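Written out below as structure tokens is the structure these notes cover.
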Amino acid sequence: METVELKVEMVGIHEKRLRKCLSKLKGIEKVEVDASSQKVAVTGYAHRNKILKAIRRGGLKADFWSTQNELLSVYASASYGNLGFNNVNFF
């Protein structure tokens, strides 16, 4: 059994669409979705290229997860999570 991690651009209802695309593949045991970091972990016996192809056929933009994606998501959450405009005067 293998776990394939993917970066999938998701907004709103895309998680349901993603699960529907993956349900058509044989050998998928579990699908874990982290919408905040746009990370999807698929566990099963299906080949990783077939998983990626099924998601792309469903109309979603996807690519294999890399360490660069991990660094970008951590940086983005740290940078944009602490923005505060309480003491700023725009006019």
Side-chain angles (χ1 to χ4, degrees):
M1 193 162 1
E2 179 184 10
T3 300
V4 179
E5 294 180 337
L6 301 149
K7 179 181 182 353
V8 181
E9 291 185 19
M10 291 185 294
V11 289
I13 198 165
H14 286 176
E15 183 177 348
K16 186 175 181 180
R17 183 197 272 176
L18 172 78
R19 290 186 186 276
K20 186 175 181 181
C21 293
L22 292 175
S23 69
K24 296 176 184 178
L25 285 178
K26 292 181 181 176
I28 302 289
E29 297 289 325
K30 183 168 66 170
V31 177
E32 297 175 12
V33 179
D34 182 8
S36 63
S37 64
Q38 299 185 347
K39 184 176 183 179
V40 177
V42 181
T43 305
Y45 296 103
H47 193 272
R48 61 188 318 206
N49 290 336
K50 287 188 177 188
I51 295 170
L52 180 64
K53 193 173 185 179
I55 294 172
R56 287 182 176 171
R57 275 192 189 152
L60 298 169
K61 294 181 182 180
D63 204 0
F64 294 113
W65 189 265
S66 66
T67 55
Q68 182 181 8
N69 293 336
E70 187 76 36
L71 292 172
L72 288 175
S73 70
V74 169
Y75 176 75
S77 65
S79 296
Y80 298 117
N82 296 329
L83 289 178
F85 296 104
N86 295 338
N87 298 328
V88 178
N89 293 325
F90 291 106
F91 300 103

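Position 1 is the first residue of the sequence, and the numbers go up from there. Quick caveat, the model's predicted, so the values are computed rather than measured.
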Under 3.5 Å, side-chain donor or acceptor atoms of residues 53-60 against the rest of the protein: list the pairs with distances, not counting sequence neighbours.
from	atom 1	to	atom 2	distance (Å)
R56	NE	A62	O	3.1
R56	NH2	A62	O	2.9

- Message: What I want to find out is whether E15 reaches R17 closely enough, with some N-O distance under 4.0 Å, to be called a salt bridge.
- Response: no

- Output for pair (H14 NE2, K61 NZ), nearest 0.5 Å, gives 10.5 Å

- Message: Determine whether E29 and Y45 satisfy the following criterion, side-chain contact (heavy atoms from CB on, under 4.5 Å), listing intermediate values before the conclusion.
- Response: CA-CA 8 Å; E29 297 289 325; Y45 296 103; 4.1 Å; yes

- Please step through side-chain contact (heavy atoms from CB on, under 4.5 Å) for the pair E32 and V40, ending with a clear verdict. CA-CA 6 Å; E32 297 175 12; V40 177; over 6 Å; no

- Message: I need the minimum non-hydrogen distance between E2 and R48, along with the two atoms involved.
- Response: OE2-CD, 4.3 Å

- Note on the structure: In short, A46 meets I28 closest at the heavy-atom pair CB-CD1, 3.9 Å

- Message: Between V33 and R19, does the side-chain contact (heavy atoms from CB on, under 4.5 Å) criterion hold? Intermediate values first, please.
- Response: CA-CA 9 Å; V33 179; R19 290 186 186 276; 3.7 Å; yes

- Message: Rounded to the nearest 0.5 Å, what separates atom NZ in K50 from atom NZ in K24?
- Response: 15.5 Å

- Message: If I compare all heavy atoms of L25 with all of I51, which pair ends up nearest, and what's the gap?
- Response: CD1-CA, 3.8 Å

- Message: Before you tell me yes or no, could you show the steps for T43 and M1 under side-chain contact (heavy atoms from CB on, under 4.5 Å), namely the whole-Å CA-CA distance, both residues' side-chain angles and the distance that decides it to 0.1 Å?
- Response: CA-CA 7 Å; T43 305; M1 193 162 1; 3.5 Å; yes

- Say you draw a straight line from CD of E5 to CZ of F64; how long is it, rounded to the nearest 0.5 Å? 11.5 Å

- Query: How far does OG of S66 sit from CG of L6, to the nearest 0.5 angstrom?
  - Reply: 11.0 Å

